[in-house]
Amino acid sequence: MVGAIIVSGGRGRRMGSEIPKQYLKLDGQPVLIHTLRVFDEADGIDTIVLVLAKEEWEAFRNLPYKFRKTIHLAEGGVERQDSVRNGLDKLAEIGKPEIVFVHDGARPLITKEIITDGLDCYQAHGDCACGVVPKDTIKVRGADGYAVKTLDRKELFA
């Protein structure tokens, strides 16, 4: 079994939004729908667990989209790592997955191809971490607070 945990407990405070970022509209739909739709439509994903604050479960159930797969809900934790643990515990209740994808519900640009590449990478190497080359310039700061080195983006992975 291949499981996906979609962690979506963020509040969007850094964005200064009253609406949690996963519910902001993108092309007329909440960001969370865009994210979940990719995992819902990916042939390689068997089970999806959405980790949300318990008080948001009803809002999720009322979203204007019908998924093909059952979306199991798990309660968000205090920190992201707690939320991922809760998602893993929910997956274990459903069945023991061989592979688990962990993805942020407010990151809707995931594609079915990235999921397929991740599964292929796992099959070839036994583990995998999907990511992208950062676009930002990344500096190493010395003890005095000044930049001492610029890292080569081609060697980095976010």
Return the minimal non-hydrogen interatomic distance between [X] and [Y], and the atom names on each side.
X	Y	result
Cys128	Cys130	SG-SG, 4.0 Å
Val51	Gly76	CG1-CA, 3.5 Å
Tyr23	Leu52	OH-CD2, 3.8 Å
Val2	Gly44	CB-O, 3.2 Å
Thr35	Asp104	CG2-O, 3.8 Å
Ile6	Gly105	CG2-CA, 3.5 Å

Pairwise distance [atom1]([X]) to [atom2]([Y]) - rounded to 0.5 angstrom:
X	Y	atom1	atom2	answer
Ile71	Asp40	CD1	CG	5.5 Å
Ile94	Thr70	CD1	OG1	9.0 Å
Ser8	Lys21	OG	NZ	8.5 Å
Gln22	Phe60	CD	CZ	11.5 Å
Asp117	Thr111	CG	OG1	7.5 Å
Ile5	His72	CD1	NE2	12.0 Å

Any [X] side-chain heavy atom under 4.5 Å of [Y] side chain:
X	Y	result
Leu36	Glu41	no
Glu98	Tyr122	yes
Lys25	Pro30	yes
Val102	Val100	yes
His103	Ile110	yes

Check the pair Lys96, Met1 against side-chain contact (heavy atoms from CB on, under 4.5 Å), reporting the backbone distance first and the verdict last. CA-CA 7 Å; Lys96 299 283 187 196; Met1 176 175 73; 6.0 Å; no
Within 45° cone of Tyr65 ring axis and under 6.0 Å: Arg37 NZ or CZ: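 Checked: cation-pi criterion met.
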With a cut-off of 3.5 Å and sequence neighbours excluded, list every side-chain donor-acceptor pair involving residues 147-158.
residue : atom : partner : partner atom : Å
Thr150  : OG1  : Lys139  : NZ           : 2.7
Asp152  : OD1  : Lys154  : N            : 3.0
Arg153  : NH1  : Lys135  : O            : 2.7

Pairing residues for Lys69 by the side chain to side chain donor-acceptor pair (under 3.5 Å) criterion, not counting sequence neighbours: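 Here no residue qualifies.
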Could you work out, with side chain to side chain donor-acceptor pair (under 3.5 Å) as the rule, every residue matching Glu58, not counting sequence neighbours?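 For Glu58 there are no side chain to side chain donor-acceptor pair (under 3.5 Å) partners, ignoring immediate neighbours.
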Residues that, via side-chain heavy atoms closer than 4.5 angstrom, fall in one hydrophobic cluster with Val31: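 Noted: Val31 shares its cluster with Leu26.
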Listed pairs under 3.5 Å, donor-acceptor, residues 82-93 side chains, sequence neighbours left out:
residue : atom : partner : partner atom : Å
Asp82   : OD2  : Glu79   : N            : 3.0
Ser83   : OG   : Gly77   : N            : 2.8
Asn86   : ND2  : Glu75   : O            : 2.7
Lys90   : NZ   : Glu93   : OE1          : 3.3

Partners passing ring pair (Phe, Tyr, Trp, His ring centres under 6.0 Å) against Phe101 (at least two apart in sequence or in another chain): none
Are Leu109 and Ile115 connected into the same hydrophobic cluster when the rule is that any two of I, L, V, M, F, W, Y join if their side-chain heavy atoms are below 4.5 Å apart?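 Cluster IDs for Ile115 and Leu109 differ.
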Tell me, with the steps shown, if Leu50 and Leu32 meet side-chain contact (heavy atoms from CB on, under 4.5 Å). CA-CA 10 Å; Leu50 174 62; Leu32 183 57; 3.9 Å; yes
Atom CZ of Arg68 with >12 non-hydrogen neighbours under 6.0 angstrom: yes
